[in-house]
S.K.: 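Quick one: the structure is below, and I'll ask about it shortly.
A quick note: this is a predicted structure, and the numbers were derived from the prediction, not measured.
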Amino acid sequence: MDRIAITGGAPLRGTIPIYGAKNSALKLQAAALLSADPLILENMPDLADTRFMAQLLASLGVEITWIKETRTLRMHAAEISSTIAPYDQVRKMRASFNVLGPLLARVGHATVSLPGGCAIGARPVDLHLKAFEAMGADIVIEQGYVKAAALRGLKGAEIEFPFVSVGATEHAMLAATLAHGETVLKNVAREPEIIDLADCLNAMGARIEGAGTGEIHIRGVTSLKGATHSVVADRIEAGTFALAAAAAGGNVLLQGARFDHLQALIKVLRGAGVEVDAEARGLRVKRNGGRIQPVSFETEPFPGFPTDLQAQAMALLCLAEGQSRIRETIFENRFMHAPELARLGAQIAVHGNEAVVTGVEALKGAPVMATDLRASVSLVIAGLAAEGETVVNRVYHLDRGFEKLEPKLAACGAQIQRLKVEQ
Ligand code: UD1
């Protein structure tokens, strides 16, 4: 398993290109199942997770072409040859569960493994299944598999989610595009990825209104056509580099990053004493000297502070002049990075879903272990700011969600390298 070695203390200066959003790309890939014509996705990230999704789609009969030079993925689901997503595939990546709705909508049945547990909490799929039931699907769970059938097609329905779920909103949207009649989704997620999915589906001929608000209306159509769509910029990747520049100091342009998608983070960064400005080409993040100031925040659905940036923000606040409080309201058990950050000298006390971070003047490099995707990158951020060498072990988590992390940071002056470990 590869490791990443960082010698901290070098400020970051330069331009970092921001790629397409992983979390959007995975659902857009699932959308390819809805049409017999090709769906072409531009600005695709090239990640372990997106490759994995492509493999799953291929096993269902989708013809896949990846054009590396232009970062374009062509998916053609002329025929669906299988409607089964086996345990081994869904277990590895929760988002692969998202093939269920499109298969159900297009073919009328599907058998998809339950995603199972996950390091950051229980993460059930009950809201997804309730939405399909409301649309008339028969659902049985047998031996860890969801068997869903709507042999005469899905029907439009009014569905009010009891709380906001990104995945359930997207999944219900995907399925409702081909349902008979109108579907109204209430109390939905408003993440930029939801708007991106709606834009792509509408380009394919779907009739979706209200994405980005709390209520989405979808008028079902009989079939969808092909389309070309460019994946929205990854706000989590952009936010991660913004926090890295804040922690290490320097002056970085995040090319392609969207100011309007990062407002909650920008508020925290500015509160911490970091300069953030919107420019024509992206976001500029600057910090030259001066201690980080403490900031307290809680994670919330969009437009609140994203849970996927909580670990990285904690790494920054470990260096603040005073105490910050971080409350995690989306996932239980999402502070696994805290004990690892403590190995670098951070002072963090976790009580339930709240972490109290007492800033220290400096962190000191140490060997640490990556536990999940966002936690891993928080250790990289801490390592960039720490004195001496930090070695992050088990970095395969990082490869699931960050493309070219080390080269992008190294191009800005970071002393970071991957130590390849032969298996
Ligand atoms: C997506 C993102 C993930 C991000 C999360 C919240 C992808 C691939 N992943 O995950 O990176 O951290 O949004 O912004 O896009 N829940 C239920 N029942 C359900 C569905 C969800 O109880 O049927 C709970 C979850 O356990 C969690 C909360 O709802 O506590 C929110 O989860 P959700 O918004 O669905 O997250 P994901 O879509 O899984």
Side-chain angles (χ1 to χ4, degrees), residues 1 22-36 39 41 44-66 73-133 135 137-151 153-154 165-168 170-175 178 197 372-373 396-397 399-401 423:
M1 269 183 251
K22 168 185 87 90
N23 283 353
S24 198
L26 293 168
K27 323 306 165 56
L28 295 167
Q29 286 178 276
L33 290 166
L34 290 167
S35 171
L39 175 62
L41 296 179
M44 267 295 287
D46 185 12
L47 298 164
D49 275 11
T50 51
R51 287 180 188 196
F52 184 74
M53 188 66 164
Q55 275 169 24
L56 172 60
L57 293 176
S59 77
L60 304 176
V62 185
E63 193 190 293
I64 305 278
T65 317
W66 167 240
L73 182 69
R74 182 181 189 275
M75 294 165 293
H76 190 186
E79 307 256 354
I80 304 290
S81 58
S82 162
T83 55
I84 301 172
Y87 175 64
D88 264 353
Q89 282 173 316
V90 185
R91 173 180 65 88
K92 287 193 208 141
M93 187 185 65
R94 181 180 162 86
S96 43
F97 188 70
N98 276 282
V99 300
L100 175 64
L103 288 172
L104 190 57
R106 169 127 175 237
V107 190
H109 60 93
T111 302
V112 176
S113 169
L114 282 167
C118 165
I120 59 170
R123 301 186 83 178
V125 288
D126 52 327
L127 300 188
H128 301 230
L129 300 183
K130 281 194 186 119
F132 299 141
E133 273 175 342
M135 288 186 228
D138 290 319
I139 297 199
V140 269
I141 296 178
E142 263 175 27
Q143 295 170 322
Y145 278 81
V146 177
K147 295 186 177 171
L151 297 177
L154 293 170
S165 158
V166 176
E170 292 166 332
H171 211 170
M173 266 167 72
L174 283 161
L178 292 179
L197 180 60
D372 75 30
L373 171 55
Y396 62 87
H397 292 289
D399 300 329
R400 292 189 47 194
Q423 301 264 335

S.K.: Starting at CG of L174, measure out to CG of L28 and round the result to the nearest 0.5 Å.
M.R.: 8.5 Å
S.K.: Do the side chains of I139 and V146 get nearer than 4.5 Å, heavy atoms only?
M.R.: yes
S.K.: Return the set of residues passing side-chain hydrogen bond (donor to acceptor under 3.5 Å, both in side chains) with Q29 (not counting sequence neighbours), or none when no residue passes.
M.R.: none
S.K.: Measuring from M75:CE to L57:CG, what's the distance to the nearest 0.5 Å?
M.R.: 7.0 Å
S.K.: Can you name the nearest heavy-atom pair linking P102 to L34, along with the distance?
M.R.: CA-CD2, 3.7 Å
S.K.: Check N98 against A30 and note the closest heavy-atom contact, atom names and distance.
M.R.: O-CB, 3.7 Å
S.K.: Take F132 and H171 through the side-chain contact (heavy atoms from CB on, under 4.5 Å) test and state the conclusion after the steps.
M.R.: CA-CA 9 Å; F132 299 141; H171 211 170; 3.4 Å; yes
S.K.: Show the nearest heavy-atom pair for residues H76 and A36, with the distance to one decimal.
M.R.: NE2-O, 2.8 Å
S.K.: Using a 4.5 Å cut-off on heavy atoms from C-beta on, say whether the side chain of R400 contacts that of F52.
M.R.: no
S.K.: How long is the straight-line distance from OG of S24 back to CD of E170, given to the nearest 0.5 Å?
M.R.: 7.0 Å
S.K.: Could you go through L129 and I141, starting from their C-alpha distance and side-chain angles, then the distance that decides it, and tell me whether this counts as side-chain contact (heavy atoms from CB on, under 4.5 Å)?
M.R.: CA-CA 10 Å; L129 300 183; I141 296 178; 3.9 Å; yes
S.K.: For the backbone of Y145 and the side chain of Y87, can you confirm whether one donor and one acceptor N or O come within less than 3.5 Å of each other?
M.R.: no
S.K.: Tell me, with the steps shown, if V90 and L114 meet side-chain contact (heavy atoms from CB on, under 4.5 Å).
M.R.: CA-CA 7 Å; V90 185; L114 282 167; over 6 Å; no
S.K.: Nearest 0.5 Å please: distance from the NZ atom of K92 over to the CG atom of D49.
M.R.: 11.5 Å
S.K.: Roughly how far, to the nearest 0.5 Å, is CG of L39 from CZ of R74?
M.R.: 10.0 Å
S.K.: Is there a side-chain contact between R51 and D46, using heavy atoms and a 4.5 Å cut-off?
M.R.: yes
S.K.: On a heavy-atom basis, which atom in L26 and which in M53 lie closest, and how many Å separate them?
M.R.: O-CE, 3.5 Å
S.K.: Got K22 and L373 here, is their nearest side-chain heavy-atom distance under 4.5 Å?
M.R.: yes
S.K.: Measuring from atom CG of L73 to atom OG1 of T65, what distance do you get when rounded to the nearest 0.5 angstrom?
M.R.: 8.0 Å
S.K.: Check step by step if side-chain contact (heavy atoms from CB on, under 4.5 Å) holds for V62 and L33.
M.R.: CA-CA 7 Å; V62 185; L33 290 166; 3.6 Å; yes
S.K.: Quick one: closest heavy-atom pair of G101 and A175, and the distance?
M.R.: O-CB, 3.9 Å
S.K.: Do R94 and V125 come close enough that some side-chain heavy atom pair is under 4.5 Å?
M.R.: yes
S.K.: Nearest heavy-atom pair of S113 and P86: which atoms, and what distance?
M.R.: CB-C, 3.9 Å
